[in-house]
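Working notes, structure below.
Quick note on labels: first sequence line is chain A, next is B, and so on, each numbered from 1. These numbers come from a predicted model, not from an experiment.
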Amino acid sequence: MTDLESVLNDRLAVAFAAVAGAPADPVVRRSQHADFQADGALPLARRLGRAPRDVAADALARADLADLVATAQISGPGFINLTLRDDALAGLLGVMSGDERLGVPTAAVPETVVIDYSAPNVAKELHAGHLRTTVIGDAAARILEWLGHDVRRANHIGDWGTPFGMLIEHLLDLGETEAMQELSVGDLNGFYQAARVKFDADPVFAERSRGRVVALQAGDDTTLRLWRLLVDESEKYFLAAYDKMGITLTADHFYGESYYNDMLDPVVDALDGLGLLRESDGAQCVFPRGFTGRDGEPMPIIVRKRDGGYGYGATDLAAIRHRTQDLKATWLLYVVGSPQQQHLEMVFQCAREAGWLAAPARAVHVGFGQVLGADGKKLASRAGDTVKLVELLDEAVIRAAAIVREKNPDLDAETRAEVARMVGIGAIKYVDLSSDRIKDYAFDWDRMLSFSGDTGAYLQYTYARINSIFRRGGVVPDRSAAVLLDQPAERALAMELLGFAAVVTDAAATLQFHRLTGYLQHLAGAYTAFYENCPVLKSEGAVLASRLLLCDLTARVIAQGLDLLGIETPERM
RNA sequence: GCCCUCGUAGCUCAGGGGAUAGAGCAACGGUUUCCUAAACCGUGGGUCGCAGGUUCGAAUCCUGCCGAGGGCACCA
């Protein structure tokens, strides 16, 4: 346990409880006036009808802090300012240094977590609109997995529905080999648009397409084979994009809409059996409590359309039921844009009413805002089209390569290409993860690729500089060396390092990953002050060993922290 | 019309009911015989959209208003 804040909190909670005669939150926070402050005496004083400073003094007298705290002072109206002992910090850093997990504990209660993210449509490009769900969802998967949860990635691709009638007919028109050729070069949009144009312009083609939809739903062998060809080609393309992007989704994670086809009848029957199903305008609907529409009437989830086909609501409900009942998941994450908030809340409510989402299981909408262009409107190409995701990635890498070439001409071409890839992809992921996800953000190449400020590249640079010290000195840090914290910058760095466990736990619990990026920036800032004030290689003996350990620990935390966000760290740049 | 989200320094954004609201960028001034100057130090810059309320204490919680965006039946 290297998490100072929770250690202090636990110790003080005992003392506060003794004073209060009941559990009481000591309200421990980082402080500008000391290392930490505990503010719990103020609200407690009101409850007890005593003077706040008395309560603080009482709690402090009962607290067992001698091994951790050097000085504890009561300040202002009743704040307790705590300054920690240097040897306590050094001891905890020693523990952290010797721990592969850097002091971050695994979850007390490991859960089965399903993370629904990315979800592109078959026969369509991944575009800028898929950026956030893919990046955020992957970060969630990495963090929760690292904390010991059983993470099930679910890529809910759009692989079913009426568009496949026209897509299959278009495939037949082209001929299979020709069509596969076209799809394999990655021109998915062109294929889709050509089908669309024919569907709109040619009534005969449209009629064939509708017939093909019927055949598909009826399970016709030939039709299913052709459908599978389309899905397989698209999946290959998606996997190539994920690979380029450093996303952990693989072929094992495709659970498209079609995966739930066989579950739809049972789901509708179950809803009917529960008395939740009602007919409205010829459609079979569920009306979850608490939602009214434009007309003031209850809003439906349409599980079966007037034409007899299933609505997406049916698939969503089937997925929830499958995840909680078959997979035994207790934590369902939906990494989906904010506009779908209401729809998801309705589905969750419906699942609760059906008994498919009962405690401890819960579903969370991990919503996010839009990516905007420099003009403040939805990101689009100059021609107004959607921007292809792979083109965005390629441009980031090209731009990063140009900057790396300019800043460090000594790197050989191969290293430079590798660094550019890490920096370019990392820059895109970093901006996406570094602000509150619910807000929109504007895509700005110059800012995101700037190598100073709150960017991924700055963290990568800090990491590379640390490695440079080891390389220059020809030294390997001794991870069991004694830690000395004589300089203020060393002590400040130690405080930051010891905050890692709390921030990872917190980011996972709240699914607010910008807290982790913010922490890493602070850490890099503390390291830089250390770097400026505490020469490493010019020091000797125990000081050298201690400083090498601090460098090593900082590098490990940065690398681990960025890895949890899906961002790589180059050894030099 | 109803519902949801957002509004903090010139710009981009942090801010878990606690003390004097913080970073980065930009601006201005400075730092290099020294481990990557892709860096660092300093300076200026704020009616926390507005108005009430709750509280010992509000950027933070509640209500109303203003502004921006989004959602509200057979696409997902």
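- Base engagement by Arg294(A) is indicated by at least one non-hydrogen atom pair under 4.0 Å involving a base atom.
- Rounded to the nearest Å, the gap between the P atom of C48(B) and that of C11(B) is 16 Å.
- Looking at the side chain of Glu257(A), the nearest of the listed nucleotides A76(B), U36(B), A38(B) is A76(B).
- When heavy atoms are screened at a 4.0 angstrom cut-off, Asp446(A) is found touching no nucleic acid atom at all.
- The same atom, C1', is picked in U63(B) and in U54(B); the two are 11 Å apart, to the nearest Å.
- Between the P atoms of G17(B) and G53(B), the separation comes to 23 Å (whole Å).
- Remark: P of G57(B) and CD of Gln37(A) are 18 Å apart, rounded to the nearest angstrom.
- Counting only heavy atoms from C-beta on, Asp39(A) has its side chain closest to G18(B) among A39(B), A14(B), G18(B).
- Residue Ser452(A) places at least one side-chain N or O under 4.0 Å from the OP1 or OP2 atom of C25(B).
- In the set C2(B), G70(B), A76(B), C2(B) carries the atom at the smallest distance from any side-chain atom of Thr292(A).
- Counting non-hydrogen atoms under 4.0 angstrom, Glu406(A) reaches nothing in the nucleic acid.
- Here the separation of C66(B) from U12(B), taken at their C1' atoms, is 24 Å to the nearest Å.
- Here the options are Tyr255(A), Tyr260(A), Tyr334(A), the test is ring pair (Phe, Tyr, Trp, His ring centres under 6.0 Å), and the partner is His156(A); only Tyr260(A) passes.
- Of the side-chain N and O atoms in Lys439(A), none sit less than 4.0 angstrom from OP1 or OP2 of G69(B).
- At a cut-off of 3.5 angstrom, the base of A19(B) holds at least one donor-acceptor pair with the side chain of Ser75(A).
- The same atom, P, is picked in G16(B) and in G70(B); the two are 27 Å apart, to the nearest Å.
- In this entry the distance linking OH of Tyr531(A) with C1' of U32(B) reads 12 Å, nearest Å.
- Residue contacts for Arg472(A): at a heavy-atom cut-off of 4.0 Å it reaches the sugar-phosphate backbone alone, with no base atom in range.
- With hydrogens and angles left out, the side chain of Gln32(A) and the base of G18(B) share no donor-acceptor pair within 3.5 Å.
- No N or O donor and acceptor, one from the side chain of Ser450(A) and one from the base of A38(B), sit under 3.5 Å apart.
- Evaluation of Phe451(A) against the base of A38(B) yields a stacking contact (centre distance < 5.5 Å, interplanar angle < 30°).
- Put simply, OH on Tyr430(A) is 16 Å from P on A23(B), counting in whole angstrom units.
- With rounding to whole Å, Asp436(A) atom CG is found 8 Å from G7(B) atom P.
- Across all strands, His156(A) comes closer than 4.0 Å to no nucleic acid atom at all (heavy-atom distances).
- Checking His127(A) against Asn189(A) by side-chain atom types alone, no donor-acceptor pair falls below 3.5 Å.
- Residue Ala45(A) is classed as having no contact, given no heavy-atom separation below 4.0 Å to the nucleic acid.
- Remark: the Gln370(A) side chain and the Tyr441(A) side chain contain no N/O donor-acceptor pair separated by less than 3.5 Å.
- Atom-to-atom, CZ of Arg465(A) to P of A37(B) comes out at 5 Å; the value is rounded to the nearest Å.
- For the pair Pro288(A) and Gln349(A), the tightest heavy-atom approach, listed with the atom from each and the gap, is CB-CG, 3.7 Å.
- Nearest approach of Phe287(A) to Pro300(A), heavy atoms of both residues: CE2-CB, 3.5 Å.
- Heavy atoms of Pro535(A) sit under 4.0 angstrom from at least one base atom.
- Separating the C1' atom of U55(B) from that of U43(B) is a span of 38 Å, rounded to the nearest Å.
- Side-chain atoms of Tyr312(A) come within donor-acceptor range of the base of A76(B), with a qualifying N/O pair under 3.5 Å.
- In this structure, His33(A) atom NE2 and A21(B) atom P are separated by 10 Å, rounded to whole Å.
- Using a 4.0 Å heavy-atom distance criterion, Ser280(A) is classed as a base contact.
- Here the nucleotide nearest the side chain of Pro339(A), chosen from A38(B), A73(B), G71(B), is G71(B).
- For the atom pair CG of Leu372(A) and NZ of Lys378(A), the computed distance is 10.5 Å after rounding to the nearest 0.5 Å.
- Note on Asp295(A): nothing from the nucleic acid sits closer than 4.0 angstrom, heavy atoms only.
- Distance Asp444(A) CG to U12(B) C1': 9 Å, rounded to the nearest Å.
- Nearest nucleotide to the side chain of Arg29(A), out of A76(B), C6(B), G18(B): G18(B).
- Put simply, CG on Asp454(A) is 10 Å from P on C25(B), counting in whole angstrom units.
- Using a 4.0 Å heavy-atom distance criterion, Pro43(A) is classed as a base contact.
- Across G24(B) and C40(B), the matching P atoms stand 8 Å from one another, rounded to whole Å.
- Taking a cutoff of 4.0 Å between a charged side-chain nitrogen and a carboxylate oxygen, Arg30(A) and Glu496(A) qualify as a salt bridge.
- Taking atom C1' on both G22(B) and G64(B), the two are 30 Å apart, rounded to the nearest angstrom.
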Verdict with supporting geometry, Tyr310(A) and Asn261(A), side chain to side chain donor-acceptor pair (under 3.5 Å)
CA-CA 9 Å; Tyr310(A) 289 102; Asn261(A) 280 350; over 6 Å; no
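- Within 4.0 Å of Glu297(A), counting heavy atoms only, lies no atom of the nucleic acid at all.
- Neither OP1 nor OP2 of G69(B) sits under 4.0 Å from any side-chain N or O of Lys378(A).
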